[in-house]
Amino acid sequence: RWLYLYGNCLQELPEGLLIGCGSLSTCLLEGNPLSAQTLDVLLRDARCREVSDCRERLRILGLDAAQVRRWCAEQERDFHNLSACEFVEARSSRALPGCVQSGWLMTTRGRWYAKLMPSSQVCRSAGDPTLGEREGEDLPPLKQNRSVLMAAFAASQAEPEWGGVLGKLHRNRQHRATLAQYTVRSSLRGHVAELQAHNPQLPLGHEGLMHSL
């Protein structure tokens with residue numbers, strides 16, 4: 001079910017890897033100098049998995065932003081001489097599947113797996129913007145306006161167990177309503193009281209509380 005190949009020197013992969021392994025749910029390939037052709041075949045197979053009747057859904061195809069940029073640069077060269085209509089059709093047919101999670105690999109060698117990702121990459125849908133599609137995104141920016149960094153640690157497997165929770169948090173925007181009235185509070189009890197006062201419609205369980213923090 002899990003195939004972890006990150007941080008190696010792979011340039012090519014067996015064609016049909018994702019199709020042939022019908023029970024594969026997670027495949028992490030970050031940190032490998034995969035060729036643009038290999039990436040193209042890999043992404044084509046990932047699109048096929050989205051509509052196939054495989055036993056297991058391919059949940060995560062882990063790529064890094066440099067790999068995505070390499071693939072996109074090759075696509076841009078292929079699209080150079082297309083008409084406007086042909087360009088739109090070609091782009092839509094080659095949209096990156098929703099299972100792709102792109103980010104910047106912080107460690108490229110050794111046992112550690114550390115990947116920096118914007119929250120938008122945790123729960124993408126097919127065709128959503130992917131980190132690395134635009135020029136200059138292959139490396140993390142020196143300056144960022146983001147003020148929150150979440151660190152998720154895995155006890156055993158390379159994929160953080162918190163990944164699914166962070167994805168739900170990104171999808172559920174209820175927490176934004178509370179952030180509009182957010183001020184410094186001396187206790188969690190005070191936060192809950194103000195949350196209930198301003199947003200009585202929000203769920204009061206642990207998940208709802210987490211969305212508000």
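- If you take CG on Asn8 and CG on Leu34, they are separated by 10.0 Å, rounding to the nearest 0.5 Å.
- Atom CD of Gln37 and atom CD of Glu12 lie 7.5 Å apart (nearest 0.5 Å).
- Pairing each heavy atom of Ser102 with each of Val68, the nearest pair is OG-CG2, 3.7 Å.
- Two different hydrophobic clusters hold Ile19 and Val41 under the rule that ILVMFWY side chains link at heavy-atom gaps under 4.5 Å.
- Distance check, rounded to the nearest 0.5 Å: CH2 of Trp71 to CG of Leu63 gives 10.5 Å.
- Distance alone, capped at 3.5 Å, places no donor-acceptor pair between the Arg70 side chain and the Leu39 backbone.
- A donor-acceptor pair under 3.5 Å is formed between the side chain of Gln67 and the backbone N or O of Asp64.
- Summarising the local packing, CD of Glu50 is surrounded by more than 12 heavy atoms from other residues, nucleotides or ligands at distances under 6.0 Å.
- The main-chain N or O of Arg59 is never found under 3.5 Å from a side-chain atom of Ser25 such that the two would form a donor-acceptor pair.
- Note that SG of Cys9 is 7.5 Å distant from CG of Asn32, once rounded to the nearest 0.5 Å.
- A donor-acceptor pair under 3.5 Å links the side-chain atoms of Lys115 to the main chain of Gln101, judged by distance alone.
- Glu56 contributes atom CD, which lies 8.5 Å from atom CG of Leu24 (distance to the nearest 0.5 angstrom).
- In this structure, Arg69 contributes its side chain and Leu139 its backbone to no donor-acceptor pair below 3.5 Å.
- Rounding to the nearest 0.5 angstrom, the gap separating the SG atom in Cys21 from the CG atom in Leu58 is 10.5 Å.
- Taking the six-membered ring for Trp and thresholds of 30 and 60 degrees, Tyr6 and Tyr4 have ring planes inclined between 30 and 60 degrees apart.
- With hydrogens and angles ignored, the 3.5 Å screen pairs a side-chain donor or acceptor of Asp45 with a backbone N or O of Gly16.
- No donor-acceptor pair under 3.5 Å is formed between the side chain of Gln121 and the backbone N or O of Val100.
- By the criterion of side-chain heavy atoms lying less than 4.5 angstrom apart, applied directly or through intervening Ile, Leu, Val, Met, Phe, Trp or Tyr residues, Leu10 is grouped together with Leu61 in one hydrophobic cluster.
- Of all the heavy atoms in Leu131 and Gly103, the pair that sits closest is CD2-CA, 3.7 Å.
- When atom types are taken as modelled, the side chain of Arg47 and the backbone of Ala95 share a donor-acceptor pair closer than 3.5 angstrom.
- Under a 3.5 Å cut-off, the side chain of Thr130 and the backbone N or O of Glu133 do not form any donor-acceptor pair.
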